[in-house]
Amino acid sequence: MSLHGLLFLSPPFPPPLFYLRSAQKDKPKFLHINSRWRPPFISSLKPTNSIKLPLNAQTSQTPLSKALETLAKLKPFLQTNHQPILLGWLCSSISVFSLSQIIPRIGSFSSNLINIVSISKLRDQCLLLGVFVLVKLVACYWQQAFLWEASLRTVCQMRVFVFETVLEKELGFFEGNDGVSSGDIAYRITAEASDVADTLFALLNTIVPNMLQLFAMGTQMLVISPSLSLISAIMIPFMALVIAYLGEKLRKISKRAHLSIATLAAYLNEVLPAIFFVKANTGELSEHARFQRLAYTDFSRHLAKKKMKALIPQIIQIIYFGVLCVLCVGFLVVSRGSFDGCSMVSFVTSLVFLVEPIQGVGKAYNEFKQGEPAIERLFDLTRMKSKVIEKPDAIYLGHVKGEVKFCDVSFKYADNMPLVLDGLNLTVRAGETIALVGPSGGGKTTLVKLLLRLYEPSSGSILIDNHNIKSIRLESLRRHVGLVSQDTMLFSRTVAENIGYRDLMSNIDMEKVELAAQIANADEFIRTLPEGYRSQIGPRGSLLSGGQKQRLAIARAVYQVSSILVLDEATSALDSKSELLVRQAVERLMENYTVLVIAHRLETILMADRIFLLQNGKLQELSRSTFLAGHHDSLLSAGAAI
Ligand SMILES: Nc1ncnc2c1ncn2[C@@H]1O[C@H](COP(=O)(O)OP(=O)(O)OP(=O)(O)O)[C@@H](O)[C@H]1O
């Protein structure tokens, strides 16, 4: 496996809102970069790591405990946004109050209109009615505006929190050891988080206004007929049971729909970046068939979800009105004569207005059940603690000479997997260059991952200048170990931003950028680009040639002023001129750094001070003559890294 995996899900370049874990680890803060747009709430976003989530739930839960657990996850985020929520609810009570004033006024206004009372009285009534209508409309607008702000802000904070947690995960999480593909992660944080915003809005926009209406209409019914109100009230727990049952069904169907769309997104994420390969191998037909299958699965699952959503309100209405009619008719027959027609009309009118909020609550509950899988899947990403943990007393290394020691290092990717490295020992002196060769799958890349502390060794230790890397701050360690990976990971940014990637959050030093480019033999071609160092290089550096990409990657490693460089030499063949330029750049690096090179070219191997063969988890030093005499050919036939 190549180093491609190391950067497979590299963080995207700063979005408008960017969360920085600064050098002072305990003081995270939000920064805004290159963005004119600034959401009004952003200044009040709380640092996300101040949010404490409840512990994850256990298996075998009832729907209610599951719902409560989901709400508990949202609670800390909602609490930080209590202000717009309360303002929204205040507006909703003003709106309900206005409605309660409008309805009787419309009645008396229309009767006055028919009976032609004085014009001035009609005008006053009309004005008052107009004021209440206006207040209701304005309150209704602000209710929705505040509640949308609360929902979207909550989701924005959740996204930042989840992304921060995802970034802190060890590499294994992204390499699929936990079964989550990068496309799936992206889908959860983008589209599914938007679903959560809709769910939150539905909940917040329903609870208080509907409760108020329920209360107002319930009081009116109680005044008209307490016994008939009691009969109607009996229906509520029964209806709650029906709604809960159907809601649980909807949750399961929604979860399947979420999974199918996430699979579709993950598939596209995998196949579109590989379109070059697909076309070169005329794979369009098979990819089309695969996409069609996935799209059809998604279609059928979403259709099932929509049908269920449409069915639920109908079932609720049929049951509610059916049972209520039977009960009311029975009551009227029993209490014949004691209930006049006018009271009956008022009672039924109130009942109709009472059913509306009950249905609203049912709808909101179903929205919640529909959004619950999205919330679960989003927070699932925050589970599983990284095994690579920075010690609280980890030290910051200002300068290192560059001596690297592997002491008895063993490693396997999972308990049920074979050892990739088996009691490996290696000492690289400061300033020395060693070439690592060996058969494909021999563990060369794994060795590098351990040095960068992207994984933890199963046993043994790795030292840099006699400091165990476990006792060094991760940021400091990775600043001292520069990496030029086989698959040069470049981003859709300018040349300067790609070279000065380390300093994107502060100021990129242009002098250093140019110097690094000169060392990497890249300066010349960069100056021929339309805007020089400010030229955009396209997605993944698509506007550059293979050799130019490699030199840019080398320049990036040089820029970071590492003492130790890991070079995973690209296997892709370059034309002889490009190859010479890259080799010259590598030679320059070898003069100033401790270099571990996973070498694929004979010239590079021969440039190294020492050559090591990594095979069956063990390391064996080869003299130049031994290598040339025997191993060169045998390694080539075994598909080795030369
Ligand atoms: N994330 C992973 N999870 C499980 N196994 C892995 C993972 N990454 C690599 N392996 C396995 O570990 C072994 C060593 O892989 P590694 O990538 O270190 O080899 P390599 O020597 O760099 O190979 P190549 O020269 O082909 O790039 C291989 O058998 C590989 O299948």
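Order of appearance sets the numbers: ligands from 1, and atoms from 1 within every ligand.
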By number and element, which atoms of ligand 1 are closer than 4.0 Å to a non-hydrogen atom of K449?
-> 8 (N)
Anything under 30° is parallel, anything over 60° is perpendicular, the rest tilted; go ahead and classify Y267 against F291.
-> tilted
Is a side-chain donor-acceptor pair under 3.5 Å present for Y533 with D523?
-> yes
Region of V420 that comes within reach of ligand 1 [heavy atoms, distance under 4.0 Å] | side chain
Salt bridge check: are R453 and E456 linked by an N-O gap of less than 4.0 Å?
-> yes
Could you go through residues 424-436 and list every donor-acceptor pair under 3.5 Å that involves a side-chain atom there, pairing it with any protein atom two or more places apart or in another chain?
from, atom 1, to, atom 2, distance (Å)
N425, OD1, D408, N, 2.7
R429, NH2, E432, OE2, 3.1
E432, OE1, R429, N, 2.9
E432, OE1, R610, NH2, 3.0
E432, OE2, R610, NE, 2.6
E432, OE2, R610, NH2, 3.3

Nearest heavy atom to atom 20 (P) of ligand 1: which of G441, P439, P418 does it belong to?
-> G441
Donor-acceptor side-chain pairing of Y187 and N269 below 3.5 angstrom = no
Under 4.0 Å to a heavy atom of T446 - the qualifying atoms of ligand 1, by number | 14 (C), 15 (O), 16 (P), 18 (O)
Among F411, Y455, Y413, closest by any non-hydrogen atom to atom 4 (C) of ligand 1 | Y413
Out of curiosity, is G443 lining ligand 1, as in a heavy atom under 4.0 Å away?
-> yes
Results of ring-ring contact (aromatic ring centres under 6.0 Å, His included) for Y296 - residues two or more places apart only | F299
One finds that the ligand 1 atoms under 4.0 Å from a non-hydrogen atom of M417 are 4 (C)
